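Structure first, then comments.
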Number of protein chains: 4
Amino acid sequence: MTPSTPVAPPARATEPKRERGRQRVAAIMDAAVTVFTEKGYDAATMTEIAARSATAIGSLYRFFPTKEALAEALLLRYAQQAKNGLAELELQVPEMTLEAVADALVDFVLLLQSQRSFATALVDARSGSDDHRKRFREAMRSGVAGILSRAIAHLKPARAKVMAIVLIHMLKGVAGVANEEPSARAVLMAEFRDLVRLYLVSASARIDSK
Amino acid sequence: MTPSTPVAPPARATEPKRERGRQRVAAIMDAAVTVFTEKGYDAATMTEIAARSATAIGSLYRFFPTKEALAEALLLRYAQQAKNGLAELELQVPEMTLEAVADALVDFVLLLQSQRSFATALVDARSGSDDHRKRFREAMRSGVAGILSRAIAHLKPARAKVMAIVLIHMLKGVAGVANEEPSARAVLMAEFRDLVRLYLVSASARIDSK
Amino acid sequence: MTPSTPVAPPARATEPKRERGRQRVAAIMDAAVTVFTEKGYDAATMTEIAARSATAIGSLYRFFPTKEALAEALLLRYAQQAKNGLAELELQVPEMTLEAVADALVDFVLLLQSQRSFATALVDARSGSDDHRKRFREAMRSGVAGILSRAIAHLKPARAKVMAIVLIHMLKGVAGVANEEPSARAVLMAEFRDLVRLYLVSASARIDSK
Amino acid sequence: MTPSTPVAPPARATEPKRERGRQRVAAIMDAAVTVFTEKGYDAATMTEIAARSATAIGSLYRFFPTKEALAEALLLRYAQQAKNGLAELELQVPEMTLEAVADALVDFVLLLQSQRSFATALVDARSGSDDHRKRFREAMRSGVAGILSRAIAHLKPARAKVMAIVLIHMLKGVAGVANEEPSARAVLMAEFRDLVRLYLVSASARIDSK
DNA sequence: AATGAATGAGAATTCATTCAT
DNA sequence: TATGAATGAATTCTCATTCAT
């Protein structure tokens with residue numbers, strides 16, 4: 001048969017309507033995280049994801065009609081978690097010192113880290129609707145900017161945004177520490193922690209001195 | 001037991017003996033950089049690289065026996081350039097202020113940047129012998145550490161190494177600025193520059209205060 | 001890999017550049033005619049066409065990048081033959097009686113018939129660029145109309161066109177006779193022949209009587 | 001040896017006992033006509049037919065155990081209608097002129113036409129038991145032959161059959177007119193009408209002249 | 001040495017049909 | 001009985017790599 005969807009939008013996953021389906025979807029997503037993380041988006045195969053989640057390939061496609069749709073769903077879930085985490089953190093900022101905020105951000109990243117590497121793989125993938133990816137990036141930036149605004153008095157929104165971008169980049173480095181030799185990890189972590197603190201404190205100081 | 005070399009080391013198959021060959025190789029490598037950058041390692045095809053360099057696919061394989069070998073060669077060339085640049089920079093460090101060194105590092109990254117995006121694509125690719133990649137990373141770190149050692153008096157080698165790692169990560173961010181909206185680029189660049197300076201100056205100060 | 005041609009035009013076949021390739025292409029096209037005829041466009045598989053022409057599937061795709069492209073090429077070849085045949089016939093019309101022209105048209109169809117059934121399958125297929133199909137239809141109609149114009153004096157172009165359409169439809173019936181029981185074929189053929197003659201003669205008479 | 005019935009005859013799985021079921025079946029059949037018409041037999045999917053008739057795929061299969069069975073049922077329904085129409089027409093023939101009969105046949109086809117295109121799709125499909133198709137064809141031919149016999153005095157049964165075949169083919173052309181450009185339709189219709197009349201009248205005349 | 005043809009494993013995706021709830 | 005999940009063979013198409021001229 002000739003494909004009946006010559007130019008279709010990214011295609012959303014069919015929502016499971018029974019308990020069994022929901023379990024399947026969960027299993028698939030977990031397996032997908034693993035495989036994407038191990039191999040990257042391109043090299044990961046739907047077949048392997050199906051196999052690892054003990055799902056027939058047809059069933060996999062029932063819920064995720066496209067490799068891309070699957071990645072998208074994963075990213076969405078991840079984004080949700082990240083967003084929630086940031087929102088939570090933001091609430092606690094008022095009662096924290098700047099250093100504590102810096103540490104909290106680092107801890108937050110560390111918490112997400114298990115999923116982060118796959119997210120990196122997917123976010124960096126070039127194919128597909130960058131739409132979601134952009135929105136995700138934006139959400140992260142807004143979240144971090146929000147925290148910064150609360151943490152540093154009189155920080156202008158524009159600067160908060162810029163700092164958020166830089167900060168997020170730094171935090172990516174934190175996640176990357178996991179790939180280093182075990183012996184070096186502790187020191188590296190400490191160094192990153194210091195740098196993050198330094199960045200926030202310095203920014204705060206610059207404002208106060210004005 | 002014989003040493004573990006089951007697979008022939010992926011390297012250039014034939015050293016081009018004649019001028020004609022060297023041109024071919026150069027054309028191929030240039031095309032490869034373009035294609036790898038545009039599509040990423042996996043999505044790039046040998047056929048397209050051949051086409052873009054006006055090379056027959058068979059000829060391409062004469063020079064680079066596998067896709068991986070081609071990537072490796074590219075990486076090697078890139079590493080060489082980076083190394084040379086760093087070495088050069090290192091020589092000039094003694095006559096520079098710390099801030100100038102920070103700026104120079106940023107400028108250096110910017111210079112490499114055109115090739116950097118493809119390098120990122122290749123370095124992040126998981127397949128194949130990480131051997132080269134590791135060596136490349138090591139070289140970069142050593143180079144930057146060397147510069148730091150010369151730039152900051154009494155900096156212990158171990159700390160220089162740690163700082164190099166952190167610094168290199170930051171510099172990657174600098175390269176990433178290119179992907180941002182044009183309107184935001186200048187500010188972001190400035191922010192990164194500040195941060196790099198801040199990092200070096202702060203590290204230097206910490207030592208002096210001891 | 002993700003496909004690199006998300007929305008590409010029907011894709012033309014790569015022209016073979018060596019003798020071997022040309023033979024391949026011929027073998028493939030012959031096999032394709034057979035398979036399309038036997039199973040129809042949808043049910044025919046590229047795998048089977050490859051197998052029947054003793055071609056590796058990859059080679060098949062080298063020359064015909066799409067199932068559709070293959071069908072298109074077949075149709076083109078067929079159209080060319082039909083066109084040529086009609087053009088030839090047109091030249092001879094002046095020296096023929098009307099009945100002879102009628103018979104010649106029937107014979108012409110019979111000649112094409114071996115390929116006709118597959119062409120029907122392809123022309124009727126819904127997918128793909130109707131462009132070629134339309135052009136083919138138009139060519140046939142023009143050809144037949146030309147013959148009619150030469151065969152029937154004072155026939156107006158517009159009427160010639162209309163008659164051509166009707167005539168071509170009748171001729172399709174002639175081709176369809178092959179599917180009937182052998183015992184009935186001869187009589188059916190004769191009946192169709194008579195009808196075609198009747199049609200032409202009657203049309204001619206109507207003009208003369210004016 | 002037992003008679004060759006290896007596969008169960010594809011027929012309605014369950015006669016709907018209740019009103020509800022009958023509605024379902026009707027909805028399914030209607031949707032099926034639409035989808036088959038739009039896409040052709042092969043490209044039509046059971047899933048889509050189910051969706052369009054708001055039927056669960058499982059339910060669809062309760063009523064029609066295979067895709068083929070569904071097609072068969074559709075064809076059967078169509079055949080019934082055609083048969084009835086022809087039978088009705090046959091009764092009226094004695095009081096009609098030959099020309100009127102010709103027109104009536106054309107009108108009859110036009111009436112069926114809405115369903116005809118799908119029927120064409122299915123009749124032309126090669127898969128499955130041609131049994132039904134043959135029977136359908138036979139019924140049509142008999143019906144038309146009957147009409148002819150009544151319309152043309154002294155027409156021998158054998159000739160009636162042959163003429164029926166030719167006539168039916170011509171009538172298919174009438175149905176095909178719908179695909180032509182609107183501007184051309186009227187003229188084409190008239191031409192086909194004339195041809196049908198011409199055919200009947202001429203046949204009648206030939207007999208009388210004997 | 002250069003070129004383009006050949007190869008075939010493997011990837012994404014579809015869909016008729018069967019099962020379990 | 002009705003529903004939606006499960007299944008997996010089959011299909012189109014890709015591409016790194018090898019061969020033959």
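Proteins get letters first, then strands, A, B, ... in listed order; numbering begins at 1 in each. Quick caveat: nothing in here was measured; it's all calculated off a predicted structure.
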Quiz prompt | Whole-Å distance separating the CG atom of C:L70 from the C1' atom of F:dT11 | solution = 15 Å
Quiz item: So what does the secondary structure string of DNA chain F come out as, 5' to 3', with Watson-Crick or wobble pairs under 3.5 angstrom, [ ] for crossing and | for pairs with another strand?
Solution: .||||||||||||||||||||
Quiz item: Is the closest side-chain heavy-atom distance between A:M29 and A:V25 below 4.5 Å?
Solution: yes
Quiz item: Who passes side chain to side chain contact (heavy atoms under 4.5 Å, CB included) against A:A79, sequence neighbours left out?
Solution: A:F136
Quiz item: Listed by chain and number, what are the side chain to side chain contact (heavy atoms under 4.5 Å, CB included) partners of C:S59, not counting sequence neighbours?
Solution: C:T55, C:A56
Quiz item: Nearest nucleotide by nearest heavy atom, which residue falls closer to the 5' end of DNA chain E, D:M46 or A:Y61?
Solution: A:Y61
Exercise. Whole angstrom is fine here: how far is it from CZ in A:F64 over to P in E:dA12?
Key: 15 Å
Quiz item: Between E:dG4 atom P and C:F63 atom CZ, what is the distance in whole Å?
Solution: 12 Å
Exercise. Using side chain to side chain contact (heavy atoms under 4.5 Å, CB included) as the criterion, list what pairs up with B:A32, not counting sequence neighbours.
Key: B:F36, B:I49, B:L70, B:L74
Quiz item: Can you tell me how far CE of A:M46 sits from CZ of A:F64, rounded to the nearest 0.5 angstrom?
Solution: 8.5 Å
Quiz item: Which residues within residues 50-60 of chain C lie with some heavy atom under 4.0 Å of an atom in DNA chain E?
Solution: C:A56, C:I57, C:G58, C:S59
Quiz item: Rounded to whole angstroms, how far apart are CZ on A:R22 and P on F:dA6?
Solution: 12 Å
Exercise. May I have the distance from D:R62 (atom CZ) to E:dT17 (atom C1'), rounded to whole angstrom?
Key: 14 Å
Self-check item: Ionic contact status for A:D30 with A:R77, cut-off 4.0 Å
Solution: yes
Quiz item: Can you check the C:D42 CG to E:dT14 C1' distance for me, whole Å?
Solution: 13 Å
Practice problem: Could you tell me which residues satisfy side chain to side chain contact (heavy atoms under 4.5 Å, CB included) with C:E48, sequence neighbours excluded, listed by chain and number? | Solution: C:V35, C:K39, C:T45, C:R52
Exercise. State whether A:Y61 and A:K67 meet the cation-pi test: NZ (Lys) or CZ (Arg) under 6.0 Å from the six-membered ring centroid, and within 45° of the perpendicular axis.
Key: no
Quiz prompt | Pairwise 5' ranking along DNA chain F for C:A44 and A:R24, keeping only the more 5' one | solution = A:R24
Quiz item: If you round to the nearest 0.5 Å, how far is CZ of B:R22 from CZ of B:F63?
Solution: 10.5 Å
Quiz item: Roughly, in whole Å, what's the span from CD in C:E48 to P in F:dT12?
Solution: 10 Å
Self-check item: Nearest-neighbour nucleotide for the D:T45 side chain, E:dA1, E:dT3, E:dA16 considered
Solution: E:dA16
Quiz item: Atom NZ of A:K39 to atom P of E:dA11: distance rounded to whole Å?
Solution: 9 Å
